[in-house]
Peer 1: 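One structure, as structure tokens, below. Some questions next.
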Amino acid sequence: MTFKILSLKGGYKKTSSHKTVLNVVAKKIRRFKAFDKVWHEGLLYKLKPIISDTLFTILQSYLCNRTFSVKYENVVSQVRSIQAGVPQGSILGPYLYLIYVSNFPRDANLTVAQIADDVAVLCKDSCETAANKLQQFLHLVYVRCNKWKVKMNPSKSSVIQFTYKRKTENQSITLQGEEVSHAESVRYLGLHLDRKLTWNTHISNLVNRRRHKLYQVKHLLKGSSPLPLHLKRLMYFSLIRPIWTYMWYMGICIQFPNQTNSDNTELGSSSNRGWTQVHPQ
């Protein structure tokens, strides 16, 4: 499970010149192989009060006493029992996982947003105060995860400070006794957030991904390609356009202070180059 904990330190405020000043820190935390680490007994303990006895027996049979083996060429390993996890690729798997993580810690001073195995925690305060609140919350997360046998991964976690200031002091935040590294940008639900929320990192990533994908299929999209136009259109709308439309419209709705019309222009020209190859004027 991925926990992306964002600590908003300082937040937005108005200066005497009515300019918006930003001082924010973000933190994201990861867990080891979330779906594979669901504790069966813990999940059944949570299911027992909310479902009927008949359904509970069915789910208990569905989760427990499962086995696996590995086959390589003509060699088959010994049969082993599956001690944890929900069947991935199944219809019930995501629902069972959501029930298992439904009691994630909450705090009145923090905003916690949870989407499947992705969690964002927002804290708005002064730098030191926000760091202390975040550290206290991480302790609650550690206690809860330890109780339900979920292991976190501090090495893949990161802290980022969003600020307009040139000189800032990074606040030390630890997870399971290990200090979390600071990052220049973080990715949350496909949206790249840099230190000044300028969209530069996000747009650069989208443009590079579009160029790479377009390079892979350009021999099929160019005018001399025998591929029918309707198939070229299908490839464009399936492979190229989703790259720059996914999360971009959400970013427009968020309307960060540094969002400019040039951001839309850059993405528009980038996407139009791909469309021109599919549908030349």
Side-chain angles (χ1 to χ4, degrees), residues 1-13 20-35 37-39 41-43 45-46 84 97-165 167-189 191-197 254 256-257:
M1 182 173 184
T2 302
F3 290 114
K4 299 180 180 179
I5 299 185
L6 310 178
S7 172
L8 308 186
K9 297 184 178 180
Y12 298 97
K13 62 181 181 180
T20 303
V21 176
L22 175 65
N23 185 25
V24 179
V25 170
K27 185 175 190 301
K28 76 176 183 179
I29 307 174
R30 291 185 179 271
R31 283 184 175 180
F32 283 108
K33 302 178 180 179
F35 284 83
K37 297 295 184 179
V38 174
W39 180 31
E41 293 184 7
L43 175 58
Y45 176 82
K46 293 184 177 182
Y97 179 79
L98 289 177
I99 294 174
Y100 185 67
V101 300
S102 60
N103 63 339
F104 189 79
R106 304 288 170 173
D107 192 304
N109 297 318
L110 305 173
T111 302
V112 181
Q114 185 173 359
I115 302 178
D117 60 344
D118 221 331
V119 179
V121 182
L122 309 178
C123 176
K124 181 179 180 181
D125 213 315
S126 62
C127 291
E128 294 184 1
T129 304
N132 291 334
K133 291 180 179 179
L134 181 57
Q135 189 64 69
Q136 294 174 5
F137 183 78
L138 291 182
H139 176 70
L140 295 177
V141 172
Y142 169 74
V143 172
R144 183 65 57 86
C145 291
N146 188 54
K147 176 181 178 180
W148 295 100
K149 298 185 178 181
V150 178
K151 188 177 181 181
M152 294 178 291
N153 193 349
S155 62
K156 291 187 177 181
S157 303
S158 60
V159 180
I160 182 172
Q161 182 173 2
F162 300 115
T163 180
Y164 294 152
K165 298 179 180 179
K167 295 183 180 181
T168 58
E169 181 179 353
N170 294 328
Q171 301 293 320
S172 176
I173 299 177
T174 60
L175 179 63
Q176 296 182 164
E178 182 178 338
E179 185 172 355
V180 181
S181 61
H182 289 257
E184 292 297 319
S185 66
V186 292
R187 182 183 179 185
Y188 181 64
L189 297 180
L191 189 65
H192 294 263
L193 307 175
D194 56 44
R195 289 176 62 89
K196 294 185 178 181
L197 298 179
I254 294 174
F256 286 142

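Note that these values count all heavy atoms, side chains included, but never hydrogens, waters or copies made by symmetry. Here the structure is a predicted model, which is why all the values come from computation and not from measurement.
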Peer 1: Do any N or O atoms from the side chain of K149 and from the backbone of W39 form a donor-acceptor pair under 3.5 angstrom?
Peer 2: no
Peer 1: Can you sort out the partners of V112 under side chain to side chain contact (heavy atoms under 4.5 Å, CB included), two or more places apart, ordered by chain and number?
Peer 2: F104, R106, V119, V121, F137
Peer 1: What is the ring orientation for W148 with Y45, classed by angle as parallel under 30°, tilted 30 to 60°, or perpendicular over 60°?
Peer 2: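 Tilted.
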Peer 1: Nearest 0.5 angstrom please: S185 OG to L197 CG, how far?
Peer 2: 11.0 Å
Peer 1: In this structure, are over 12 heavy atoms from other groups packed under 6.0 Å from E178 atom CD?
Peer 2: yes
Peer 1: If you look at every heavy atom in K37 and A84, which pair is closest and at what distance?
Peer 2: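 Closest approach of K37 to A84, heavy atoms only: C-CB, 4.2 Å.
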Peer 1: Of the non-hydrogen atoms in K46 and V101, which two are nearest, and what is the gap between them?
Peer 2: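 Minimum heavy-atom contact is NZ-N, 4.4 Å.
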Peer 1: Within the side chain of H139, is there an N or O that forms a donor-acceptor pair under 3.5 Å with the backbone of L175?
Peer 2: no
Peer 1: To the nearest 0.5 angstrom, please state how far the CG atom of L134 sits from the CD1 atom of I173.
Peer 2: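 It is 4.0 Å, given to the nearest 0.5 Å.
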Peer 1: Under the side chain to side chain contact (heavy atoms under 4.5 Å, CB included) test, which residues partner E179, sequence neighbours left out?
Peer 2: S172, T174
Peer 1: Are L193 and L191 packed together at the side-chain level, in the sense that at least one heavy-atom pair is separated by less than 4.5 angstrom?
Peer 2: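 Counting from C-beta outward, L193 and L191 do come under 4.5 Å.
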Peer 1: To the nearest 0.5 Å, how far apart are CD in Q171 and CD in Q135?
Peer 2: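 Reported value, rounded in 0.5 Å steps: 11.0 Å.
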Peer 1: Give, for atom CG of N109 and atom OG1 of T129, the distance between the pair rounded to the nearest 0.5 Å.
Peer 2: 10.5 Å
